[in-house]
Amino acid sequence: MNDAKVQIGVNKLGHHVQSSQNRLLIKGGKVVNDDGIQEADVYVEGGVIKQVGTGLLTPGGVRVIDAAGMLIMPGGIDPHTHMQMPFMGTHSADDFYTGTRAALAGGTTMIIDFVACPRGDSLMDWYNKYRAWADEKVCCDYGLHVIVPQWGDKTANEMATLVKEKGINSFKCFMAYRNVFLLEDDEMLNVFQACRKLGAVAQVHAENGKIIERKAEQLVADGIRGPEGHSYSRPEAMEIEATTRALAIADEANCPLYVVHVMSAEAGEAISKARRRGQVCYGEPIAAGLACDNSSYQHTCWRHAAGHVLSPPLRDPSTKERLWRMLATGELTCTGTDHCVFKADQKALGKDDFRRIPNGVNGVEDRMSVLWEKGVETGILDPCQFVAATSTNAAKVFNLYPQKGRIAVGSDADIVVWNAKETRTISAKTHHQNVDFNIFEGMVCHGIAEFVISGGRLVVDERQLKVTQGAGRFVPMPAFPPYVYNRLEKREAAKSAGTVAVARDAYDGPVIDLKAEQERQKAVAKEQPGAAGGGGGPEAAAENVFHRPPTRGGGRHMQESSFSLSGAQFDDTKPARSGIRTHQPPGGASSGSLW
Ligand code: URQ
Ligand code: ZN
Ligand code: ZN
């Protein structure tokens, strides 16, 4: 791991006004936003962008950054990281200091991490814990999503407080990891409904955890204990099924849904289809899924294979291309990393049983380069789309825009000056992530973060990392992101317009007396030859199973299933009957034999 030049304990609030180092003029580059590219200089002061244009008038004592031939882009926003997360008996190895330092080294200037509250605990306690961990360590700005591992009044109240008072606007549900995070469908519906009411975005880890658990047990029983078992136990169908189910439940709740780490192309297509139906939903592929594949699970080096264990797992090599196409067309919206690293000795907790390998891979430092190389250098994305996928779209979904995700007057000075002409080779030997392995090892990438500005501070200066521990801020994310909720509210109104009671005269005819009807059926059964007291025949069984009364002719109601596994029908023993009357059939009494 590379050592950075670290300053510790610099006054958190004073960093915008500390020195003329914070008056920066970025000159000679091209400004890239999600909607256009222009040749312009950018002047930064007091942590915000003050001017964008040519021939700018700036005060003296300004540090000039030469961006000739380079791109000036909004710093990356990684909406999916897990720093120092307690998980599977250990903690992810990057904490909020090492993790955000690595993020900045790669051109990412904001992370959104997850408050990982285990089942049974208080969301608020864990939020406070995460704030305390992060506030003193973060080198760049950060926000938080909150994992909801259970449902109940307390959870509902805590969600409301988190949204109204604590800067939270997204909650994540897990469909996997039973007894820790997994929510049942009805619990998830409750969380989604609460999100809708509060103006939050629901997130989901979509995998059918219960079926996976069964498959994993079977694999271990069959003697498959290596990391390949992780991949075999989590087939794509389990991700597709859970994604489809989560989308349906979110639609039912009229809640916006953000599907994290979309690893399966078909799961991505389910999201895309839902979007085409008008549902407000988003999919997030991650750097790992866009650049790696499941061949790594077959590697004969255990560490290498275990180093790629994450959930959902990497898929077959054709998946990457399909995920890329969906990102390019906007069917998938944001890119994250799910950065959650574990060192060799931590991964080794599962050396004899893949179920105990802590799940997670690196990416927070690598995402920008990997996406540029695999997306822009290949002609799949243009630089504007790159900005959208790495920064602007996340800012819009999580209501940070245009404070974040844009180079414009008034926006935060979170900027990366990107040298797309040069390359670097990714390696665990040189990266800043606190882990002895890199899933992108050896990848040669165009795109180097030559200068990075975080909250107006120059934190990467000609590739030299100069971070300040604790200098980042918690950025509250307000409820009801307009990018998400404007359309959702209109759609909801249109949907409910079609759900109205039909005006009609009240029905005032007779209503069947079910009890009397049952008595009558029993009496009829007794009359049957061989009914043996009417107690144990098929009719009695039918009474317990079928809730509709017999048809007017006394026969089987054709809308009831009448199959039994033996092939018998419940009324097989009944002779054909006719002439059984109801007192007053619907539509009025009839004198014909039908009644
Ligand atoms: O599922 C996640 O998001 C975390 C808890 C672990 N990382 C992973 O394997 N995806
Ligand atoms: Zn997850
Ligand atoms: Zn995650």
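Predicted, not measured: the structure shown is a model, and the values here were computed from it. Whatever order the structure lists ligands and atoms in, that order sets their numbers, starting from 1.
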Practice prompt. Heavy-atom distances under 4.0 Å are what count here, so tell me which part of K172 touches ligand 1: side chain, backbone, both or neither.
Written response: side chain
Fill in: atom 10 (N) of ligand 1: nearest protein contact (heavy atom, Å)
D338 OD2, 2.4 Å
Discussion item. I need the protein N, O or S atoms closer than 2.8 Å to the Zn ion (ligand 3), given as residue plus atom name.
Written reply: H80 NE2, H82 NE2, D338 OD1
Fill in: Ligand-residue contact atoms, ligand 1 with H80, heavy atoms, under 4.0 Å
3 (O)
Discussion item. Could you go through N393 and Y483, starting from their C-alpha distance and side-chain angles, then the distance that decides it, and tell me whether this counts as side chain to side chain donor-acceptor pair (under 3.5 Å)?
Written reply: CA-CA 9 Å; N393 290 352; Y483 176 74; 4.6 Å; no
Practice prompt. Look at R277 together with D251 and state whether they make a salt bridge at an N to O cut-off of under 4.0 Å.
Written response: no
Worksheet, complete the sentence: In ligand 1, the atoms that come under 4.0 Å of a heavy atom of F87 are 5 (C), 6 (C)
Fill in: Stepwise salt bridge (charged side-chain N to carboxylate O under 4.0 Å, His left out) check, E207 with R234
CA-CA 8 Å; E207 277 188 304; R234 306 180 100 99; 2.9 Å; yes
Discussion item. Suppose we measure from atom 9 (O) of ligand 1 to each protein heavy atom; which comes out shortest, and what is that distance?
Written reply: S311 N, 2.8 Å
Item to complete: Start with the C-alpha distance between D353 and R355, add both sets of side-chain angles, then the distance that settles salt bridge (charged side-chain N to carboxylate O under 4.0 Å, His left out), and finish with yes or no.
Response: CA-CA 5 Å; D353 183 342; R355 294 173 298 180; 2.9 Å; yes
Worksheet item: How about Y127 and Y130: are their ring centroids closer than 6.0 Å?
Response: no
Worksheet entry | Name of the residue among T337, D338, D94 meeting side chain to side chain donor-acceptor pair (under 3.5 Å) with H82 | D338
Discussion item. Exactly one of F342, F354, W302, F437 should register a ring pair (Phe, Tyr, Trp, His ring centres under 6.0 Å) with H308. Which one does?
Written reply: F437
Fill in: For M85, atoms of ligand 1 separated by under 4.0 Å from a heavy atom
5 (C)
Item to complete: State whether R196 and E492 are salt-bridged, where the test is any N-O pair (Lys NZ or Arg NE/NH1/NH2 against Asp/Glu carboxylate O) under 4.0 Å.
Response: yes
Worksheet entry | Given M238, K215, R178, the one that forms side-chain contact (heavy atoms from CB on, under 4.5 Å) with K210 | R178
Fill in: Whether F181 lies under 4.0 Å from ligand 1, heavy atom
no
Fill in: R473/D141 ion pair, N-O < 4.0 Å
yes
Worksheet item: Of the protein's non-hydrogen atoms, which lies at the shortest distance from atom 4 (C) of ligand 1, and what is that distance?
Response: H82 NE2, 3.6 Å
Item to complete: Find all atoms of ligand 1 within a distance of less than 4.0 Å from any non-hydrogen atom belonging to L310, and give their numbers and elements.
Response: 9 (O)
Worksheet item: By number and element, which atoms of ligand 1 are closer than 4.0 Å to a non-hydrogen atom of F174?
Response: 1 (O)
Worksheet item: What do we get for Y177 next to ligand 1 when only non-hydrogen atoms under 4.0 Å count, side chain, backbone, both or neither?
Response: side chain
Discussion item. Looking at D153, I want to see if its CG is surrounded by more than 12 non-hydrogen atoms of other residues, nucleotides or ligands under 6.0 Å.
Written reply: no
